[in-house]
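See structure below.
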Amino acid sequence: MLGALSSVSPFEVEMKIKLVKVGKVKDIYLKEGINEYLKRITPYIDISLVEVKEESVNNPLDNSEIERCKKLEGDRLLKEVRGDRYIIALDLQKNEYTSEKFSDYLYSKLEEYNSVSFLIGGSYGLSDEVKSVVNDSISLSKFTFLHDMSTLIFLEQVYRASKIHHHEVYHK
């Protein structure tokens, strides 16, 4: 069921998030968690999840092979966000936020642009081209997560940010 969920929001129906990630979610428990948070977010924000094909690395020790894969994956990511007004990459090397600060950040971008796209790269990260095109980059943590796990964690944080923004019980 991964994909777009339509919402009839009592809040900001015009606010939209598109999350574009490399690779299909394979593990059932992660799919279920992702679908649950997509469903929880829809009363607040119209959200969609787009999965692009992951490239296989033939020789993981070969930097040129890794760069080739990142380039192909990056091209697919950029194709999905072409024309989008504000694009944010999830990047391990960038600034981290507390949940409260992320809520402020997310809703300030949604209020300014109405639609925000987020990108999650593949196993080897984002291509330089993607990094040069995005408007901003943020980090979920200094920890390294599987990108499917990052998807679930990110969606939980969007839900938490929505609850914080609307002064509703959930965040502790």
Side-chain angles (χ1 to χ4, degrees), residues 1-5 16-42 45-99 101-102 105-106 109 113 115-161:
M1 180 194 155
L2 296 179
L5 291 179
K16 295 181 180 186
I17 291 177
K18 180 179 3 174
L19 174 59
V20 185
K21 68 175 287 297
V22 172
K24 291 202 176 290
V25 179
K26 296 167 193 76
D27 295 313
I28 296 296
Y29 74 98
L30 289 172
K31 283 182 186 179
E32 289 173 352
I34 288 167
N35 285 329
E36 178 62 27
Y37 279 104
L38 287 169
K39 186 170 53 176
R40 288 184 186 194
I41 293 166
T42 58
I45 302 166
D46 183 11
I47 187 161
S48 63
L49 173 62
V50 178
E51 298 170 319
V52 300
K53 182 179 181 271
E54 182 175 23
E55 280 298 312
S56 297
V57 177
N58 296 324
N59 180 358
L61 299 177
D62 181 356
N63 279 341
S64 64
E65 177 67 6
I66 291 169
E67 290 304 314
R68 180 192 69 79
C69 290
K70 285 172 37 176
K71 166 91 172 89
L72 291 170
E73 291 171 348
D75 289 348
R76 292 181 191 118
L77 290 170
L78 291 175
K79 180 180 176 189
E80 293 296 332
V81 296
R82 187 170 292 127
D84 291 2
R85 294 185 63 206
Y86 202 82
I87 304 167
I88 302 168
L90 298 184
D91 186 337
L92 184 64
Q93 307 304 318
K94 299 302 178 178
N95 294 332
E96 296 175 80
Y97 289 96
T98 64
S99 294
K101 293 289 184 194
F102 178 67
Y105 172 81
L106 175 64
K109 297 305 177 196
Y113 297 100
S115 180
V116 177
S117 296
F118 288 88
L119 303 177
I120 297 178
S123 299
Y124 294 100
L126 297 166
S127 68
D128 290 337
E129 183 181 10
V130 169
K131 291 179 182 182
S132 72
V133 169
V134 299
N135 301 97
D136 200 0
S137 297
I138 63 171
S139 175
L140 291 176
S141 170
K142 295 299 179 201
F143 284 121
T144 302
F145 300 114
L146 299 169
H147 50 279
D148 290 348
M149 186 72 72
S150 296
T151 303
L152 177 60
I153 292 167
F154 173 76
L155 291 171
E156 191 279 336
Q157 286 300 302
V158 170
Y159 177 66
R160 183 179 299 274

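Just the heavy atoms: all of them, side chains too, but no hydrogens, waters or symmetry mates, feed the values below.
- Partner L119 forms a side-chain contact (heavy atoms from CB on, under 4.5 Å) with one of L19, D91, L77 and no other, that one being L77.
- You'll find the side chain of V134 stays beyond 4.5 Å of the side chain of I88, heavy atoms only.
- Contact record, V25 with K31: O-CE, 2.7 Å, taken as the closest heavy-atom pair.
- The two residues K94 and K142 make their nearest non-hydrogen contact at O-NZ, 3.3 Å.
- In this structure, OH on Y124 lies 10.0 Å from CD on E73, to the nearest 0.5 angstrom.
- Within the structure, the salt bridge (charged side-chain N to carboxylate O under 4.0 Å, His left out) test picks out the following pairs touching residues 55-68 (sequence neighbours left out): K53-E55, E55-R68, E55-R76, E65-R68, E67-K70.
- One distance of note links OH of Y86 with OH of Y113; it measures 5.5 Å at 0.5 Å rounding.
- Sorted by first and then second residue, the ring-ring contact (aromatic ring centres under 6.0 Å, His included) pairs involving residues 125-160 (not counting sequence neighbours) are Y37-Y159, F118-F154, Y159-Y170.
- Summarising the local packing, NZ of K79 is surrounded by 12 or fewer heavy atoms from other residues, nucleotides or ligands at distances under 6.0 Å.
- Minimum interatomic distance between L106 and A161 (heavy atoms only, all atoms of both residues): CD2-CB, 4.1 Å.
- Using a 4.5 Å heavy-atom cutoff, the side chains of E96 and L140 are not in contact.
- Residues K16 and V116 have side chains not in contact (no heavy-atom distance under 4.5 Å, counting atoms from C-beta outward).
- Contact of the V158 side chain with the I17 side chain is registered, since non-hydrogen atoms from C-beta on lie closer than 4.5 Å.
- Residues C69 and S56 share a closest heavy-atom pair of SG-O, 3.4 Å.
- Two residues are said to be in side-chain contact when any heavy atoms from C-beta on lie closer than 4.5 Å; L49 and I34 meet this criterion.
- For the residue pair Q157 / S99, a side-chain donor-acceptor distance below 3.5 Å is found, with atom types taken as modelled.
- Within the model, atoms CD1 of I41 and OG of S48 stand 11.0 Å from one another, a figure rounded to the nearest 0.5 Å.
- Smallest separation of non-hydrogen atoms from V81 and S117: CG1-CB, 3.8 Å.
- The OG atom of S64 sits 8.5 Å away from atom CG of N59, with the distance rounded to the nearest 0.5 Å.
- The main-chain N or O of G23 is found under 3.5 Å from a side-chain atom of K21 such that the two form a donor-acceptor pair.
- To the nearest 0.5 Å, the span separating NZ on K71 from OG on S127 amounts to 7.0 Å.
- The two atoms that bring L126 and K131 nearest to each other are O-CE, 3.6 Å, heavy atoms only.
- The CG atom of L146 sits 7.5 Å away from atom CG of L30, with the distance rounded to the nearest 0.5 Å.
- Inter-residue side-chain proximity for N95 and I138 is flagged as unmet; no heavy-atom pair is nearer than 4.5 Å.
- Looking at residues two or more places apart in sequence or on another chain, you find a salt bridge (Lys or Arg N to Asp or Glu O under 4.0 Å) between K18 and D84.
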